[in-house]
Number of protein chains: 2
Amino acid sequence: MLTKQRKQHILNTLQQQGNVVAKTLSQELGVSEDTIRRDLRELAKAGVLQRVHGGALPASPAVVDLTGRQQLSSDEKALLGRAAARLIEPDQVVFVDGGTSTLQLVRALPVDLRATIVTHSPVIAAELISHPAIQVVLIGGQLFKHSGVAVGAAALAAIRSIRADTYFLGVTGIHADYGLSTGDLEEAQIKRALIEQAAETVLMVTADKVGKVSPYVIASATAVSQLLVTHSTTPAQYQPLADLGIAVSLCE
Amino acid sequence: MLTKQRKQHILNTLQQQGNVVAKTLSQELGVSEDTIRRDLRELAKAGVLQRVHGGALPASPAVVDLTGRQQLSSDEKALLGRAAARLIEPDQVVFVDGGTSTLQLVRALPVDLRATIVTHSPVIAAELISHPAIQVVLIGGQLFKHSGVAVGAAALAAIRSIRADTYFLGVTGIHADYGLSTGDLEEAQIKRALIEQAAETVLMVTADKVGKVSPYVIASATAVSQLLVTHSTTPAQYQPLADLGIAVSLCE
DNA sequence: AATGTTCGTGCATTATCGTGCAATTTCATG
DNA sequence: CATGAAATTGCACGATAATGCACGAACATT
């Protein structure tokens with residue numbers, strides 16, 4: 001294995017798990033602990049991680065915190081959420097994805113709105129418990145810790161037994177050529193199923209996701225009929241998507 | 001677990017709850033009290049917290065973070081949760097009910113415990129997202145708003161496909177003659193199914209529930225093999241249950 | 001004042017670290 | 001193809017960090 005690949009693996013593991021242990025890495029990668037230590041030292045010197053006794057931590061503290069007590073979400077995301085909430089009509093059935101943007105959506109729902117929300121995110125569901133008029137359907141399955149949503153065969157089966165009017169989708173990348181993408185395979189499968197079961201899909205993303213590509217492709221960008229983005233998105237970013245026939249709305 | 005992470009955990013807990021106790025932390029984190037004391041000493045020397053006998057307090061006067069989370073429930077329930085957490089062995093599969101008592105249970109889980117938790121409560125599931133070693137299986141279904149758990153045919157079917165070692169149950173009434181009872185029919189059905197699918201059922205309740213009866217009966221009191229109650233429960237309350245062969249534990 | 005808990009210190013043990021060094025591989029250059 | 005420089009890796013060894021235990025002191029509670 002190439003040195004560079006090894007370092008990349010270390011960084012990936014770090015981002016995914018929030019920490020790495022030298023001993024574990026040496027076993028995983030089949031090299032001596034000395035080599036791992038050297039790698040960690042160099043990566044630390046380059047400033048991309050923080051060296052500690054026994055392993056390493058991310059350089060920027062607390063990137064891994066999707067625990068429901070989400071970090072104070074920006075005003076931009078709140079605007080996104082309010083815009084999305086306005087799209088829901090009474091008595092509709094909608095899918096709501098997990099994530100910070102969609103959490104803002106459910107927080108922005110009018111208290112008198114009667115509708116059904118289907119979600120595979122316990123955080124979204126927990127937030128809706130206090131809503132007086134929304135009926136909630138929870139999709140079960142194995143909980144995928146990284147993004148905090150249910151995945152797996154059980155979740156897929158449950159989704160395929162429901163049809164919804166609208167799906168409020170969140171992704172980590174949308175690109176006119178490479179489509180919608182996310183960081184995990186299972187999550188991509190779930191999102192794909194949700195798109196298929198919804199009459200219409202609305203994508204909610206912050207500006208930094210537009211034009212990006214993540215490892216696992218969900219579907220073509222045209223699977224989205226409407227795109228809600230924060231107002232800092234540039235025309236250069238969204239024009240290729242608008243050309244595909246997607247209705248782009250800047251929220252402000 | 002890395003030392004620095006442990007210290008971060010201490011600080012997080014401190015910010016969330018407004019105080020930390022050395023003994024509790026040592027159990028949660030799976031290290032000796034000496035190590036915790038050392039951590040607290042060093043954090044205090046760094047000025048980020050204030051050392052007190054038995055634990056520590058925030059350095060800056062108490063800006064407790066109550067974002068969304070339930071007000072810190074009574075110490076009694078926390079004790080109940082810790083006692084229940086100790087009953088879970090590594091690699092077990094356990095059902096965890098919804099409710100404030102069981103929420104204390106998942107909060108008291110040692111961070112290094114590897115086990116599977118199956119729950120139909122989005123609040124429990126959301127809390128466990130941040131736990132590094134617990135695998136979570138979410139039971140889907142319609143969300144019953146009053147108690148915030150999934151109910152209905154889908155939930156029942158999902159439960160019946162799983163067998164667990166232990167079920168941590170919460171109810172609104174337990175009585176030697178009238179058995180276990182709760183305030184909703186659908187919820188009662190779900191609890192009954194969970195009892196059937198678990199090798200052992202542990203009931204967690206506060207003193208005010210012991211000897212009470214609610215409208216919908218779940219099962220006979222003997223369905224419970226162990227009863228964890230708060231220490232304010234009187235012998236008059238629990239003796240009839242103990243006579244049925246239930247192991248009663250007062251938590252203090 | 002009595003008792004049990006918590007604390008701090010010293011010490012032993014273990015894991016981890018950094019450095020120097022030698023063996024091996026990679027690679028550019030003659 | 002040959003060769004030497006640079007890079008990479010593993011090992012040895014002394015240094016450092018982290019942890020748990022023991023014991024007497026400090027503290028809280030009654």
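Sequence lines set the chain letters: A, B, ... in the order given, protein chains first and strands last, and positions in each chain run from 1.
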Shortest non-hydrogen separation from B:L40 to B:A56 and the atoms involved: CD2-CB, 4.0 Å
Show me the protein contacts with nucleotides 2-7 of chain C, counting only N or O atoms at under 3.5 Å.
from: C:dT6; atom 1: O4'; to: B:H53; atom 2: NE2; distance (Å): 3.4
from: C:dT6; atom 1: O3'; to: B:G54; atom 2: N; distance (Å): 3.2
from: C:dC7; atom 1: OP1; to: B:R51; atom 2: NH1; distance (Å): 3.0
from: C:dC7; atom 1: OP1; to: B:R51; atom 2: NH2; distance (Å): 3.1
from: C:dC7; atom 1: OP1; to: B:G54; atom 2: N; distance (Å): 2.6
from: C:dC7; atom 1: OP2; to: B:R37; atom 2: NH1; distance (Å): 3.1

NZ-CD distance between B:K191 and B:E196, expressed to the nearest 0.5 angstrom: 14.5 Å
Difference in axis direction between the ends of the helix from C:dA1-D:dT30 to C:dG30-D:dC1, five pairs, 10°: 40°
Separation of C:dA15 C1' from A:D34 CG (nearest whole Å): 13 Å
Enumerate donor-acceptor pairs with a distance under 3.5 Å from any side-chain N or O in residues 218-225 of chain B to protein atoms, sequence neighbours excluded.
from: B:S220; atom 1: OG; to: B:T222; atom 2: N; distance (Å): 3.0
from: B:S220; atom 1: OG; to: B:T222; atom 2: OG1; distance (Å): 2.6
from: B:S225; atom 1: OG; to: B:E200; atom 2: OE2; distance (Å): 3.4
from: B:S225; atom 1: OG; to: B:T201; atom 2: O; distance (Å): 3.2

Below 4.0 Å: OP1/OP2 of D:dG20 and any side-chain N or O of B:T35: yes
C:dG18 base / A:R38 side chain donor-acceptor hit below 3.5 Å: no
Nearest-angstrom distance from the residue atom NZ of A:K4 to P of D:dA7: 14 Å
Nucleotide C:dC17, atom C1' - distance to CG of B:L2 in whole Å: 14 Å
Between B:Q239 and B:D243: side-chain donor-acceptor atoms closer than 3.5 Å: yes
Rounded distance (nearest 0.5 Å) linking atom CD of B:Q5 with atom CG of B:L29: 10.5 Å
Distance-only donor-acceptor check, side chains A:K77 and A:T100, under 3.5 Å: yes
Atom-pair distance (CD1 on A:I36; P on D:dT8), nearest Å: 14 Å
Nucleotide D:dG10, atom C1' - distance to CZ of A:R6 in whole Å: 12 Å
Phosphate contact (D:dA18 OP1 or OP2) by B:S32 side-chain N/O below 4.0 Å: no
Interatomic distance where CG belongs to A:L29 and C1' belongs to D:dT8 [whole Å]: 15 Å
B:T182 and B:S214: side chain donor to acceptor below 3.5 Å: no
